[in-house]
Amino acid sequence: MSAERRVNGSEGESVEIKCNYPDGYQYKKKYWCRHPCGNKDVLIKTGKTDTVVSVGRFSLFDNVSSRTFTVTMSRLTLQDTGVYYCGLEQWGTDRLSKIDLRVRKVLHISLVAIISPNLVLHLWIRCCQLPRVFDSCSFT
């Protein structure tokens with residue numbers, strides 16, 4: 001499994017986390033859990049290989065040929081920020097790879113400018129990482 005890493009996401013969106021594992025673990029159970037990662041903290045666990053498992057906002061796909069399982073967390077909330085683990089079941093203590101998930105607040109701004117009776121400008125602005133609002137805005 002890979003070393004600790006940070007994953008960033010935005011409120012209301014999804015993140016995809018790829019968890020690599022060594023040869024010999026292709027047919028062992030894999031899971032995604034939140035710290036401290038006891039039995040009650042497991043959010044989703046693999047079923048059959050090469051099939052997607054979904055539980056609520058979580059999905060997990062184990063691709064045995066690439067020795068990678070992918071976890072998707074959808075509809076992120078600020079409360080999802082925290083430490084998670086990619087887990088591999090094995091005899092004794094399971095192998096865990098630490099993931100630090102940071103969910104950023106999103107601010108949506110709608111501006112309407114009436115230029116003339118026949119011309120209305122509507123601008124949607126989506127910003128992350130408050131308070132430095134305009135450092136990470138997208139305009140549509």
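Atom set for the values below is all heavy atoms of this structure, side chains included, hydrogens, waters and symmetry mates excluded. Note that the structure is a prediction, hence the values are computed from the model and not measured.
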- Item | Derivation of the side chain to side chain contact (heavy atoms under 4.5 Å, CB included) call for Thr77 and Val103 | CA-CA 7 Å; Thr77 67; Val103 180; over 6 Å; no
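A side-chain donor-acceptor contact under 3.5 Å links Ser74 to the backbone of Arg57. Under a 3.5 Å cut-off, the side chain of Gln26 and the backbone N or O of Gly24 do form a donor-acceptor pair.
Cluster membership check: Phe58 shares its hydrophobic cluster with Leu76, using side-chain heavy-atom separations under 4.5 Å among Ile, Leu, Val, Met, Phe, Trp and Tyr.
Identified under the side chain to side chain donor-acceptor pair (under 3.5 Å) test for residues 27-40, with sequence neighbours left out: Lys30-Asp62, Tyr31-Asp94, Arg34-Tyr84, His35-Tyr85.
Arg102 is linked by a salt bridge (charged side-chain N to carboxylate O under 4.0 Å, His left out) to Asp100, counting only residues two or more places apart in sequence or in another chain.
Atom OG1 of residue Thr49 and atom CZ of residue Phe61 lie 8.5 Å apart, to the nearest 0.5 angstrom. Separation of atoms NZ (Lys98) and SG (Cys86) is listed at 13.0 Å; rounding is to 0.5 Å. The OG atom of Ser65 sits 6.0 Å away from atom CG of Asp50, with the distance rounded to the nearest 0.5 Å. We find the CG-OG1 distance between Leu88 and Thr93 to be 13.0 Å, quoted to the nearest 0.5 Å. Summarising the geometry, atom CG belonging to Leu101 is positioned 6.0 Å from atom OG1 belonging to Thr81; distances are rounded to the nearest 0.5 Å.
Ile44 is listed as a side-chain neighbour of Val53, based on a closest heavy-atom distance under 4.5 Å. Contact of the Val106 side chain with the Glu13 side chain is not registered, since no non-hydrogen atoms from C-beta on lie closer than 4.5 Å. In this structure, Leu43 and Val55 have side chains that are not in contact, with every pair of non-hydrogen atoms separated by 4.5 Å or more. Leu60 has its side chain out of reach of Lys45: every pair of non-hydrogen atoms, C-beta onward, lies at least 4.5 Å apart. Here the side chains of Val83 and Ile99 are not in contact, with every heavy-atom distance at 4.5 Å or above.
What you find for Val52 and Ser59 is that their closest heavy atoms are CG1-CB, 4.2 Å.
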